[in-house]
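Both ligands and their constituent atoms are indexed starting at 1 by order of listing. Since this is a predicted model, take the numbers as computed values, not measurements. These values consider heavy atoms only, across backbone and side chains, with no hydrogens, waters or symmetry-generated copies. The residues of the chain are indexed from 1 along the displayed sequence.
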Amino acid sequence: MSPAFNLQTCARLNILALEPYRCARDDYKDDGTNVLLDANENAYGPPIGSGSSSDTIAAEAKETGLDLLGLHRYPDPHQVDLKQQLCTLRNTHAHTDKTLTPENLFVGVGSDEAIDALLRCFCVPGRDRILVCPPTYGMYSVSAQVNDLGLVKVPLTPAPEFGVDVPAVLEALSASVEASDYDIKVVYLCSPGNPTGSALKKEDIAAVLGHPKWNGIVVVDEAYVDFVADQRTASLAEWVLEWPNLVVMQTLSKAFGMAGIRLGAAFCAPPVAALLNALKAPYNIASPTSALARNVLGAEGLAAMEANRAKLVAQRERLVAALPQIPGVGRLRGGTDSNFLLYEMLNKAGEPDNATALAVYTKLAEQRGVVVRFRGKEHGCLGCLRITVGTEDEVTRFLEALKTTLAEVRV
Ligand SMILES: Cc1ncc(COP(=O)(O)O)c(C=O)c1O
């Protein structure tokens with residue numbers, strides 16, 4: 001498994017040598033009885049409510065349901081309880097008999113923080129490169145540019161499969177092993193893909209992870225994994241217990257409907273998680289974020305998430321049935337493993353066409369107040385719009401607006 005992976009030569013030397021920031025509370029916990037005069041906080045608490053005495057604040061906290069008293073303290077840098085809940089969710093034992101523990105986790109400000117942290121951990125600015133498979137999520141290349149890293153693009157196989165082009169990826173990694181002036185350190189795979197909506201094959205990911213000579217990290221971004229049909233096998237999170245060079249990213253922004261709290265996670269082998277945790281800002285997860293995340297990961301939250309997911313899946317199926325009936329809607333280009341669909345818009349001649357798709361996109365937004373995403377310039381997505389699955393009413397409004405708009409645009 002991962003024959004050539006060696007963390008000591010793969011990670012940046014400055015990160016391997018990092019002494020993480022320590023706070024006094026790493027030694028002396030807030031047990032509710034200590035007087036905490038170590039972190040220059042404000043013991044009177046936040047100026048919420050009519051007064052500043054702790055009694056008033058406690059009353060406000062009760063009224064709003066928020067633990068306002070906690071807000072004047074820095075949040076927990078380690079988030080072990082939250083991490084345990086994330087592990088429990090993903091310990092399906094579908095991919096290994098081993099069990100994830102909090103040592104397998106980095107939690108960040110959305111998975112966008114994990115995307116960037118991984119680059120800072122492994123890639124030397126101005127020298128190293130990352131490999132991405134277009135069409136894919138745009139933040140990998142934005143983060144690469146911020147970190148002054150080169151980009152190697154190996155497109156996915158053509159629609160509708162949108163799978164990993166395994167021979168081409170392996171060849172690009174072999175070329176990087178031979179090159180003297182750069183290394184590909186990180187491969188970003190998105191499964192289910194954005195904007196493709198297709199889950200990648202496990203054996204294709206294994207082929208990349210098992211490259212015989214390449215020393216690097218494979219990141220599987222599972223932002224949309226909770227929309228895949230077979231929930232027991234969908235996530236590869238626990239596979240990090242078998243592959244030391246695998247990182248699996250997840251987020252509460254999608255199926256959990258919590259984009260506003262900004263909570264993302266990266267499952268990794270413990271030595272990789274330790275490096276990511278060493279380089280992060282100590283208090284990256286705000287207390288309200290942690291409390292809300294722990295709430296939705298509890299039994300009631302999970303049941304509510306599953307109910308919402310079922311509603312979204314029903315609307316996704318409705319869209320798949322209704323869209324082909326609308327004149328001017330072409331083929332579904334990707335899969336249905338996600339909470340969005342990628343559809344072609346056709347010109348008068350019946351061909352997928354960017355001018356038509358762009359006109360539909362603009363008119364929908366400006367004249368009908370329905371905003372979707374134009375993806376026609378992405379590799380292999382000619383004439384495509386990406387449509388997020390909404391509520392029943394939103395889907396009704398979208399379908400009506402699309403029908404009228406296409407009729408106007410295609411005259
Ligand atoms: C594939 C993919 N990964 C990650 C993200 C970002 O997630 P987060 O909100 O956790 O930063 C998105 C958001 O659209 C996404 O599409």
For atom 9 (O) of ligand 1, the option (of Pro192, Ser253, Ala265) bearing the nearest heavy atom: Ser253
Presence of salt bridge, [Y] and [X], under 4.0 angstrom:
X      : Y      : result
Asp226 : Lys254 : no
Glu378 : Arg333 : no
Arg294 : Asp81  : yes

Lys/Arg cation over aromatic Trp214: Lys185, 6.0 Å, 45° cone: no
Region of [X] engaging ligand 1 - heavy atom pairs below 4.0 Å:
X      : result
Asp112 : both
Glu113 : neither
Met139 : neither

Counting each atom of ligand 1 from 1 as listed, which ones have a heavy atom of [X] under 4.0 Å away?
X      : value
Arg262 : 8 (P), 9 (O), 11 (O)
Cys190 : 1 (C)
Gly110 : 8 (P), 10 (O), 11 (O)

Among all the protein's non-hydrogen atoms, which is closest to [atom], and how far away is it?
atom                    : result
atom 3 (N) of ligand 1  : Asp221 OD2, 2.6 Å
atom 7 (O) of ligand 1  : Ser111 OG, 3.2 Å
atom 12 (C) of ligand 1 : Tyr137 CZ, 3.3 Å
atom 14 (O) of ligand 1 : Lys254 NZ, 2.8 Å

Measuring only between side-chain heavy atoms, which start at C-beta, is [X] closer than 4.5 Å to [Y]?
X      : Y      : value
Val389 : Phe340 : no
Thr92  : Glu238 : yes
Leu402 : Leu323 : yes
Tyr224 : Asp337 : no

Distance-only N or O hit between ligand 1 and Tyr140, under 3.5 Å: no
